[in-house]
Amino acid sequence: MAQWFALKEQEPEALLFFRMGDFYELFFADAQAAAHALDIALTTRGSHAGDPIPMCGVPVSAAPAYLARLIRRGFRVAVAEQTQAPQKGQKGPLPRAIVRVVSPGTLTEDELLEAGRANLLFAVAPSPMRGQSQTLGAAWIDISTGAFETATTSQDALPELLARLDPTEILSIPDLLPPEHAQRLAPVPSIPSLDSARTQISRAFNVAQIEALGDFAPEHIIACAMVLGYVQRSQAGALPRISRPTTQGLDGVLGIDPATRHSLDILRTRDGETKYSLFGTVSRTTTAAGSRLLAEWLSSPLTDAAAITARQQAWLWLNEQSGLNDGLATILRRTPDVARALGRLSAQRGQPRDLAALRDALIAADDTTALLQPLCTDATPHHVRTLFAALYGRAEGLLARLQSALAEELPARLDDGGVIAKGYDEELDHHRSLRDNSRRVIAGMQGDLSARFGINSLKIKHHAQLGYVIEVPATHGTKLRDNPELSFRQGTASLARFTTEELATLDQAILEAADKASRRERALFDGLCTQALATPALEDVAQALATLDVLRACALLAQGGTWCCPQITNGTDFTLTACRHPVVEAAIAESGSADARFIPNNCSLEPDRRVMLLTGPNMAGKSTFLRQTALAVILAQSGLPIPAKSATIGVVDRLFSRVGGADDLARGRSTFMVEMTEAAAILNQAGPRSLVVVDEIGRGTSTLDGLAIAWATLEALHGHLGARTIFATHFHELNALTDALPRLQACTMAVREWRDKVVFQHEVRPGAARKSWGLHVARLAGVPATVIDRASRLLATLEQQHAQSRPSLPLFDAALEAPAPDNPPAAPSEPDTLRETLKTFDPDSMSPREALSALYALKELVTTGENT
């Protein structure tokens with residue numbers, strides 16, 4: 001227990017897995033927490049300060065499964081192992097040390113990771129430079145693959161970066177972190193100084209000066225050091241294989257704020273599943289690495305038209321080559337996860353099958369180049385030729401060594417033996433021969449002793465503590481005790497165990513041979529690992545195979561003819577022809593209904609009609625139309641096909657989707673407050689190259705308040721911001737703006753009345769909705785007929801009253817169409833200047849907008865005079 005207290009003090013915030021023989025045991029509060037989380041028995045062992053010590057334990061062999069459950073529940077686990085093998089005659093407890101701290105961001109085992117998802121540890125640090133307090137440095141690492149990146153961000157942009165990366169664990173001071181990510185915060189002792197951070201990074205990558213790694217801002221250096229320090233601490237001072245950090249510019253990535261990601265279910269649905277997400281719907285990848293890369297593409301769409309087009313040309317080329325996709329599928333199906341195998345080997349937790357994964361991946365690379373070589377010409381897209389070069393003839397020396405060194409059938413664990421093939425190493429073969437021949441001698445000795453003593457049930461068996469012993473039933477044990485050739489070792493109620501001098505000698509020889517064979521095999525294994533980790537081509541091979549997997553998945557999407565390759569331009573074009581929502585369409589197809597089909601729709605937001613005002617009832621498909629338009633942009637700028645007949649998209653720099661609403665009770669925000677916060681983000685960040693899709697702005701407050709907010713927001717998007725916009729609303733009064741806003745087009749969801757029922761046609765058509773159809777939707781939802789009838793009568797009365805007292809609202813505010821003039825406005829005119837003002841107007845030369853502005857000015861003069 002003294003050992004336990006000392007180790008627990010090192011990691012007080014982690015559960016301590018304390019190795020005791022074949023079990024990891026937990027004590028005190030750790031045991032109580034783990035027993036509850038794992039639903040295992042809580043017992044006691046010994047006492048402390050007069051009280052029983054709570055205790056529970058899990059078998060070492062089953063530890064990964066229990067660790068996975070604890071990590072998913074938010075725990076960190078420190079693993080304490082015996083650091084010395086027991087010696088003959090040794091007394092007292094064996095020395096123990098924490099060999100690893102398992103936390104969500106430092107996982108390497110397949111049992112603890114999701115194969116198709118990156119597992120990122122993220123750190124953020126403020127700039128140490130004076131006057132740059134708003135500048136933050138971010139660094140993130142996936143130690144399961146070694147990927148390591150940095151970026152500069154700000155307090156305002158940090159939530160967007162976190163939403164895109166979705167890290168599993170975050171290192172930061174609490175004040176910097178958005179509240180919604182607080183549950184992922186790891187304990188950080190302190191933020192290092194710039195000088196200590198530089199020293200730490202230089203040592204980690206064995207360079208004299210950090211400048212040898214690249215040009216990094218001070219805040220990048222500190223964030224990188226935070227990540228490296230945490231990883232090193234989690235690995236008991238060792239540092240696994242990590243790529244040199246690269247600075248990622250955020251300018252070339254489509255801006256998507258957290259609310260938009262939440263609205264569109266890009267990688268996961270709101271309940272955490274992938275099935276009905278965009279990623280789950282479009283994924284046709286074969287490998288785990290390809291799945292992670294596809295997720296990266298979808299979460300970080302590009303804004304470089306040339307880079308997007310390069311991806312498109314690559315998968316279009318794959319589809320043009322007869323049989324190529326099928327050939328690639330055959331190879332990719334047997335391609336293991338190289339990146340994560342390297343991660344485990346570098347963390348010294350590798351097993352024989354990780355080396356086999358490297359061997360099989362290199363074989364797959366050779367097979368792929370053999371498949372591509374006859375097809376590659378000068379006309380082959382540059383992207384494909386680059387991938388071919390990354391695969392061709394790489395790491396041939398390592399492949400040859402792995403093929404000759406590894407046994408055909410590999411054990412799951414190195415300690416099980418049989419990893420190295422027979423004939424690869426003479427010394428190993430010699431030790432194995434001695435071990436195996438001695439076992440054959442023992443088998444012959446058993447027959448001789450059985451015949452000599454006349455005991456057919458006599459056996460020679462290996463015992464963990466006693467070694468090889470002669471076992472006979474207890475009834476024969478009594479007479480054998482007097483035999484001078486035998487030495488009695490142990491007796492039980494049913495057995496007696498003996499040894500002989502010859503058997504003891506053989507036992508020692510077998511143990512020595514087995515131990516020498518095991519040590520030699522481990523040395524050979526370590527040598528193979530060292531060579532593999534020193535082969536940089538493996539990273540290139542892994543990336544190239546993953547990229548080919550994603551490109552092939554894109555080609556498969558486009559093969560059916562219902563998905564197209566969009567034309568990407570640097571302008572503000574935007575036309576989708578017969579576009580569909582990929583997730584909804586897949587769900588309809590999965591339902592198996594013969595009558596159900598998805599209704600495609602066109603969407604044109606060309607510069608002269610860049611704002612669409614969309615009206616129509618609930619359940620008619622407005623939200624689906626909004627989301628499918630946004631998803632089309634994400635797919636197109638990720639380089640993927642889109643579900644449409646054709647498309648032309650001018651690159652979108654920022655995407656805003658405000659569809660659906662929910663409150664945020666944990667942070668004390670109502671649905672309307674959440675809506676207004678998201679609307680504020682759009683109005684403060686959107687620009688002429690942005691795409692905005694919003695649904696029912698202003699619905700969470702009174703009708704007139706909501707109408708005023710929606711009206712002003714629409715004017716701002718049309719005039720001041722100039723964003724391509726789809727603005728869905730139930731405020732039919734906004735249709736009056738189509739005459740005053742030149743780039744506004746009115747569209748509506750098609751609805752038919754048939755036999756006193758409403759039929760939603762799910763088609764977007766030019767025009768405005770005649771009414772909201774709310775009562776029809778209520779009837780479809782099962783609201784009782786008595787309530788529907790009462791509501792119908794009330795509605796007729798309210799509509800009549802509203803028509804008689806309809807408020808007079810201004811159609812347009814010219815100040816939102818153009819920036820304010822440089823000169824400040826003149827002081828308000830006195831009431832007696834009305835006549836003079838009228839004289840200055842020339843109706844024949846005024847534009848409609850100028851006339852409307854003049855009318856407002858006259859009304860203001862009258863109002864001011866009345867108030868005076």
Provide the closest heavy-atom pair for [X] versus [Y] in the form atom of the first, atom of the second, distance.
X: Thr547; Y: His383; value: CG2-NE2, 4.0 Å
X: Leu626; Y: Ala728; value: CD1-CB, 3.9 Å
X: Asn325; Y: Ala555; value: ND2-CB, 3.9 Å
X: Ile726; Y: Cys603; value: CD1-SG, 3.9 Å
X: Arg552; Y: Leu332; value: CD-CD1, 4.1 Å
X: Ala620; Y: His762; value: O-ND1, 3.0 Å

Return the set of residues passing salt bridge (charged side-chain N to carboxylate O under 4.0 Å, His left out) with Glu114 (not counting sequence neighbours), or none when no residue passes.
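Only Arg117, Arg268 meet the salt bridge (charged side-chain N to carboxylate O under 4.0 Å, His left out) criterion with Glu114.
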Please name all residues satisfying side-chain hydrogen bond (donor to acceptor under 3.5 Å, both in side chains) with [X], sequence neighbours left out, ordered by chain then number.
X: Asn735; result: none
X: Asp271; result: Thr269
X: Gln761; result: none
X: Thr729; result: none

Is the backbone of [Y] close enough, under 3.5 Å, to the side chain of [X] for a donor and an acceptor to pair up by distance?
X: Ser638; Y: Trp297; value: yes
X: Gln637; Y: Leu302; value: yes
X: Ser291; Y: Ala288; value: no
X: Glu296; Y: Arg292; value: no
X: Thr629; Y: Phe625; value: yes
X: Arg654; Y: Leu691; value: no

Pair up each side-chain donor or acceptor in residues 570-578 with any protein partner under 3.5 Å, not counting sequence neighbours, and list the distances.
| unit_1 | atom_1 | unit_2 | atom_2 | d |
| --- | --- | --- | --- | --- |
| Asp573 | OD1 | Thr569 | OG1 | 2.8 |
| Thr575 | OG1 | Glu606 | OE2 | 2.8 |
| Thr577 | OG1 | Ser646 | OG | 3.2 |

Please identify each residue that fulfils side-chain contact (heavy atoms from CB on, under 4.5 Å) with [X], with sequence neighbours left out.
X: Val694; value: Arg658, Ile682, Val692, Ile697, Phe727
X: Leu162; value: Phe122, Leu158, Pro167, Ile170, Leu177, Pro178, His181
X: Pro784; value: Thr786, Val787
X: Ala586; value: Thr281

Set out, in order, the CA-CA distance, both residues' side-chain angles and the distance that settles side-chain contact (heavy atoms from CB on, under 4.5 Å) for Glu590 and Lys275, then state yes or no.
CA-CA 12 Å; Glu590 187 180 288; Lys275 182 175 181 180; 3.3 Å; yes
Side chains of [X] and [Y]: does their closest heavy-atom pair fall under 4.5 Å?
X: Glu678; Y: Asp257; result: no
X: Val584; Y: Phe598; result: yes
X: Leu278; Y: Leu264; result: no
X: Pro566; Y: Ile308; result: no
X: Ile709; Y: Met676; result: yes
X: Cys565; Y: Leu316; result: yes
X: Gln312; Y: Ile568; result: yes
X: Leu294; Y: Leu640; result: yes

Taking side chain to side chain contact (heavy atoms under 4.5 Å, CB included) as the criterion, tell me which of Leu605, Leu744, Val611 meets it with Thr725.
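Option passing the side chain to side chain contact (heavy atoms under 4.5 Å, CB included) with Thr725: Val611.
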Looking at Leu254, Ile634, Thr303, Ile256, which one forms a side chain to side chain contact (heavy atoms under 4.5 Å, CB included) with Val652?
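Only one option passes, and that is Leu254.
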So Arg261 and Ser299, side-chain contact (heavy atoms from CB on, under 4.5 Å) or not? Walk me through it.
CA-CA 9 Å; Arg261 290 184 186 275; Ser299 64; 3.9 Å; yes
Nearest 0.5 angstrom please: [X] [atom1] to [Y] [atom2], how far?
X: Leu614; Y: His730; atom1: CG; atom2: NE2; answer: 9.5 Å
X: Leu741; Y: His718; atom1: CG; atom2: NE2; answer: 4.5 Å
X: Arg610; Y: Arg743; atom1: CZ; atom2: CZ; answer: 4.5 Å
X: Trp563; Y: Arg580; atom1: CH2; atom2: CZ; answer: 7.0 Å
X: Glu696; Y: Lys622; atom1: CD; atom2: NZ; answer: 5.5 Å
X: Trp315; Y: Leu556; atom1: CH2; atom2: CG; answer: 11.0 Å

Can you run down the salt bridge (Lys or Arg N to Asp or Glu O under 4.0 Å) pairs that involve residues 758-767, sequence neighbours left out, and say none if there aren't any?
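Output for this query lists Glu763-Arg765.
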Could you note down all residue pairs passing salt bridge (Lys or Arg N to Asp or Glu O under 4.0 Å) where residues 305-317 supplies at least one of them, sequence neighbours left out?
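Found none.
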Go through the steps to decide whether Asp549 and Leu293 satisfy the test side-chain contact (heavy atoms from CB on, under 4.5 Å), and finish with yes or no.
CA-CA 9 Å; Asp549 191 16; Leu293 183 59; over 6 Å; no
Check the side chains of Arg164 and Ser300 for a donor-acceptor pair under 3.5 angstrom, ignoring hydrogens and angles.
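Present: a donor and an acceptor within the cut-off.
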Distance-only side-chain donor-acceptor flag, Trp711 / Glu715, under 3.5 Å
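Judged by distance alone, the side chains do pair up.
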Hey, mind stepping through Leu298 and Leu635 against side-chain contact (heavy atoms from CB on, under 4.5 Å) and telling me if it holds?
CA-CA 7 Å; Leu298 290 173; Leu635 288 169; 4.0 Å; yes
